[in-house]
Amino acid sequence: MSNLSGIAASNGIAIAKAYKLAVPDLSFEKQTVQDTDNEINRLTEALEISKTELEKIKEHARASLGEEHAEIFSAHLLVLSDPELINPIKDKISTDQVNAEFALDETAQMFIQMFESMDNEYMRERAADIKDVTKRVMAHLLNVSFPNPALINEEVIVIAEDLTPSDTAQLNKQFVKGFTTNIGGRTSHSAIMARSLEIPAVVGTKEITTQAAAGDILIIDGIDGEVIINPSNDEMEKYEKKQADFEKQKEEWAKLKDEPTVSSDGTHVELVANIGTPEDVEGVKNNGGEGVGLYRTEFLYMGKTELPTEEEQFEAYKSVLEQMGDKPVVVRTLDIGGDKELPYLELPEEMNPFLGFRAIRLCLERDDIFRTQLRALLRASTYGNLKIMFPMIATLDEFRQAEAILLEEKDNLITEGVEVSDSIEIGIMVEIPSTAVIARQFAKEVDFFSIGTNDLIQYTLAADRMNERVSYLYQPYHPAILNLVNNVIEAAHAEGKWAGMCGEMAGDSIAIPILLGLGLDEFSMSATSILPARTQIKHLSKKELATYKEQLLSMNTADEVEEFIRSKTNQ
Ligand code: PEP
Ligand code: MG
């Protein structure tokens, strides 16, 4: 029995046995063989098993996540059947009389190096595919098990060093009851995905992969950020009760599903959801979302080998808008970079990717990519209540350029005879301190603000949001953050505009009373946070909270702020 603390990344309690998601040891010795036919048979068998696995994974990805996510596995299957790769491996076994492992590795390495050094982006992608596929075949040759998260078919809790967005996308929540990782923070994308899958998760435990073995019984407490390994009977009982209480609590929350969000003294605020794909809309509706406050479009671009077409994007945006009816849908234009990579764009490695060539910076330079997205959005605008926002705006000039391109594409479409809505609001994410500081100037030109605290906190306190070693500096209640947030809200209201927040802070039970008091108009959060937030707001008086504003803004530390709010709201 042992316990680990981490960061509560997604609500709920899960109890199941551990499934370790780690690349196994694939080391081998070079051997000389006499029976080369037998080696070729071993290779053929490993290739066949790998193909069958990949077919299954591809089907699973297509069924649960859609065609886009399945595409990557088609590319892997093509590699496995490519005679240009397979025949040289067989030839090597026969001619050099070596074992299949050695022949596979040597040949694959040769192709990987060749493709990696090519100028052509498509070929470089093939190198990554060969690397992935070779690992799978090698594991079968060596008879070691290779993790396939998409193929899990019994109830488990996944443990891993970290989960990439595509690992998370493969998890089937029917069987994967929760996950826990060594690294990551509440706003890392695996944590965000866990919340949209609605499975409990604890990230940043630092040592779950060394402390727990496959098959150990685990309890994940995604409410308080605890992981219990091989619990005692008492612990088991305690958490089964906590799990049952949580389920009951969820039933209570569900009663407010179709209610508006109104504070005890009658102020209405909007509670809307953050989504990553059209499939997430169902969760928004089930959780009583009053709209979509942030549609992260980058998932349309990830896990693929090339840019999504205008048509593909149009279908995705149209689907979200249609599903939401007349409720607002704020779509954020491409925010790639930082921890979200697109290998096929062939961007050079950077020293500081979070401070580098990303999001709107990339879109303004690669305006071919930007224009395709904007056209798709504008075409979809007649299917619902669309608002468009630009990410990572640091200067007014960036906003003006982005808006000009948007208006140009609108004119182009109208000239082409395509209908475009004439009531699309255009706003920006406020996630860079420079923009928060001069929000007054921005407010004259934008239709709305959405404060992206996930990044605003990391840039203001200079603390990487992904790095658990500096997570102590990642302080949403730091008075500097509260002052910036207040500045943005005041600036918006002075110009008759609205201010929302789509960072994770918007769904935090300590932050909610503060934000309500500061006058935030729209709170956008993970769908599963909406009903708890609505319940909380129902019991808060906005007028009373507003009287604490000056006091809160002049406090010295985040702890002081937290303590004050806890005492005023009985938390
Ligand atoms: C943010 O920075 O607060 C935000 C919502 O965007 P992302 O988490 O996608 O960077
Ligand atoms: Mg951001």
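Ligands are counted one by one from 1 in listed order, and the atoms in each one are counted from 1 as well. Residues take their numbers from the sequence shown, with the count starting at 1.
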Checklist entry - Roughly how far, to the nearest 0.5 Å, is the OG atom of Ser5 from the NZ atom of Lys206? => result 9.0 Å
Next on the checklist: Rounded to the nearest 0.5 Å, what separates atom CG in Leu355 from atom CG in Asp464?
Outcome noted: 9.5 Å
Checklist entry - Think Lys318 forms a cation-pi with Tyr383, using NZ or CZ under 6.0 Å from the six-ring centre and within 45 degrees of its axis? => result yes
Item to check | Straight-line distance of Arg358 CZ to Leu334 CG, nearest 0.5 Å | outcome: 10.5 Å
Item to check | Closest to atom 2 (O) of ligand 1 among Met525, Glu431, Glu504 (heavy-atom distance) | outcome: Glu431
Checklist outcome for this item: The atoms of ligand 1 lying under 4.0 Å from a heavy atom of Met429, numbered in the order shown, are 4 (C), 5 (C), 6 (O)
Checklist entry - Which is closest to atom 6 (O) of ligand 1 in terms of heavy atoms, Arg358, Arg332, Met392, Glu298? => result Arg332
Checklist entry - How many angstroms lie between CZ in Phe399 and CD1 in Ile360, if you round to the nearest 0.5 Å? => result 10.0 Å
Checklist entry - What number of protein N, O or S atoms occur at distances under 2.8 Å from the Mg ion (ligand 2)? => result 2
Checklist entry - In a check of side-chain hydrogen bond (donor to acceptor under 3.5 Å, both in side chains) between Thr209 and each of Thr180, Thr181, Asn182, which one passes? => result Asn182
Next on the checklist: What I want to know is whether Gly452 and ligand 1 share at least one N or O pair that is separated by under 3.5 angstrom.
Outcome noted: yes
Checklist outcome for this item: Contacts of Tyr459 meeting ring pair (Phe, Tyr, Trp, His ring centres under 6.0 Å) (sequence neighbours excluded), chain-then-number -> none
Checklist entry - Atoms of ligand 1 less than 4.0 Å from Leu294 heavy atoms? => result 5 (C)
Checklist entry - Which ligand 1 atoms are under 4.0 Å away from a heavy-atom of Gly503? => result 3 (O)
Next on the checklist: Only heavy atoms of Arg296, strictly under 4.0 Å: list the atoms of ligand 1 that pass.
Outcome noted: 4 (C), 5 (C), 6 (O), 7 (P), 8 (O), 9 (O)
Checklist entry - Which bit of Arg465 gets closer than 4.0 Å to ligand 1, counting heavy atoms only: side chain, backbone, both or neither? => result side chain
Item to check | Tyr477 side chain to Glu563 side chain, donor-acceptor N/O pair below 3.5 angstrom | outcome: no
Checklist entry - Counting each atom of ligand 1 from 1 as listed, which ones have a heavy atom of Cys502 under 4.0 Å away? => result 5 (C)
Next on the checklist: Using 30° and 60° as the class boundaries, would you call the ring planes of Trp253 and Phe246 parallel, tilted or perpendicular?
Outcome noted: perpendicular
Checklist entry - More than 12 foreign heavy atoms under 6.0 Å from CG of Asp326: is that the case here? => result no
